[in-house]
Amino acid sequence: MPKIFEGKLDARGKRVALVVSRFNDLVTSRLTSGALDCLIRHGASEGDISIFKVPGSFEISPLCKKLAKSKNFDAVIAIGTVIRGDTPHFDYIAREVAKGVAQAGMESDVPVVFGVLTTDTLEQALERAGAKAGNKGAEAALSAIELMSLYSSGAF
Ligand code: INI
């Protein structure tokens with residue numbers, strides 16, 4: 001029989017940092033609410049959750065890296081929304097935040113999860129922030145909860 005390791009959906013006692021972009025706040029505030037609701041419903045205490053606000057998605061990953069390495073948190077959740085415009089700006093920001101958040105997770109001992117929307121329109125973003133396509137902030141929080149449990153399994 002193989003040994004199977006998987007995380008439990010139990011956030012009791014876990015300290016979580018959210019790094020939230022103010023750019024497109026209409027969307028990121030809803031993603032943040034979804035993430036908070038998910039964490040609390042899975043047992044996290046409000047006092048164990050810290051929210052760090054940054055100007056835009058480009059600024060998310062450097063802070064994720066610092067927080068993930070700080071030993072003060074069991075997981076870091078990146079929350080942002082990048083919406084395509086008429087110029088290549090979108091591509092630069094979307095690429096950097098995805099790469100940077102992944103790198104923050106690679107370089108630290110705690111999970112760093114990606115709750116950053118990259119969409120063509122504001123409507124698509126809102127659909128994914130609590131409307132017909134769910135709430136990607138809540139999904140990111142659920143991933144963080146599972147991974148915090150897996151990382152504390154003692155197997156590695
Ligand atoms: N930041 C976002 O989070 N989303 C966007 O859609 C966006 N657009 O389109 O410009 C955006 N720009 C700001 C950027 O993240 C930085 O804050 C800025 O370039 C300063 O470094």
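Counting convention: from 1, in listed order, for ligands and their atoms alike.
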S.K.: Going hydrophobic residue to hydrophobic residue with side-chain gaps under 4.5 angstrom, can you get from Val16 over to Val19?
M.R.: no
S.K.: If you count the atoms of ligand 1 from 1 in the order shown, which ones are under 4.0 Å from a heavy atom of Val82?
M.R.: 4 (N), 5 (C), 6 (O)
S.K.: Hey, any chance Leu26 and Leu36 share a hydrophobic cluster, counting ILVMFWY side chains that come within less than 4.5 Å of each other, even indirectly?
M.R.: yes
S.K.: Determine whether more than 12 heavy atoms belonging to other residues, nucleotides or ligands lie under 6.0 Å from atom CG of Asn72.
M.R.: yes
S.K.: Is it the case that atom OH in Tyr92 sees more than 12 heavy atoms from other parts of the structure closer than 6.0 Å?
M.R.: no
S.K.: Membership question, hydrophobic clusters at under 4.5 Å side-chain separation (ILVMFWY): are Tyr151 and Ile49 in the same one?
M.R.: yes
S.K.: Give me the residue, atom name and distance of the protein heavy atom closest to atom 12 (N) of ligand 1.
M.R.: Ile93 CD1, 3.3 Å
S.K.: Give a yes/no on ligand 1: does Ser21 have at least one heavy atom closer than 4.0 angstrom to it?
M.R.: yes
S.K.: For Arg15 and Asp48, what are the C-alpha separation, side-chain angles and deciding distance, and is it a salt bridge (charged side-chain N to carboxylate O under 4.0 Å, His left out)?
M.R.: CA-CA 5 Å; Arg15 303 157 307 161; Asp48 287 334; over 6 Å; no
S.K.: What residue and heavy atom of the protein are closest to atom 3 (O) of ligand 1, and at what distance?
M.R.: Ser57 OG, 2.7 Å
S.K.: Under a 4.0 Å N-O cut-off, is there an ion pair linking Asp10 with Arg12?
M.R.: yes
S.K.: Regarding ligand 1, does Phe58 bring an N or O atom to under 3.5 Å of one of the ligand's N or O atoms?
M.R.: yes
S.K.: Atoms of ligand 1 less than 4.0 Å from Asn24 heavy atoms?
M.R.: 4 (N), 5 (C), 6 (O)
S.K.: Which residue and non-hydrogen atom of the protein lie closest to atom 1 (N) of ligand 1, and at what distance in Å?
M.R.: Phe23 CG, 3.4 Å
S.K.: So between Arg84, His89, Glu59, Glu96, whose heavy atom ends up nearest atom 21 (O) of ligand 1?
M.R.: Glu59
S.K.: Regarding ligand 1, does Ile83 bring an N or O atom to under 3.5 Å of one of the ligand's N or O atoms?
M.R.: yes
S.K.: Taking only heavy atoms of Thr81 into account, list the atoms of ligand 1 that are under 4.0 Å away from them.
M.R.: 2 (C), 3 (O), 4 (N), 5 (C), 6 (O)
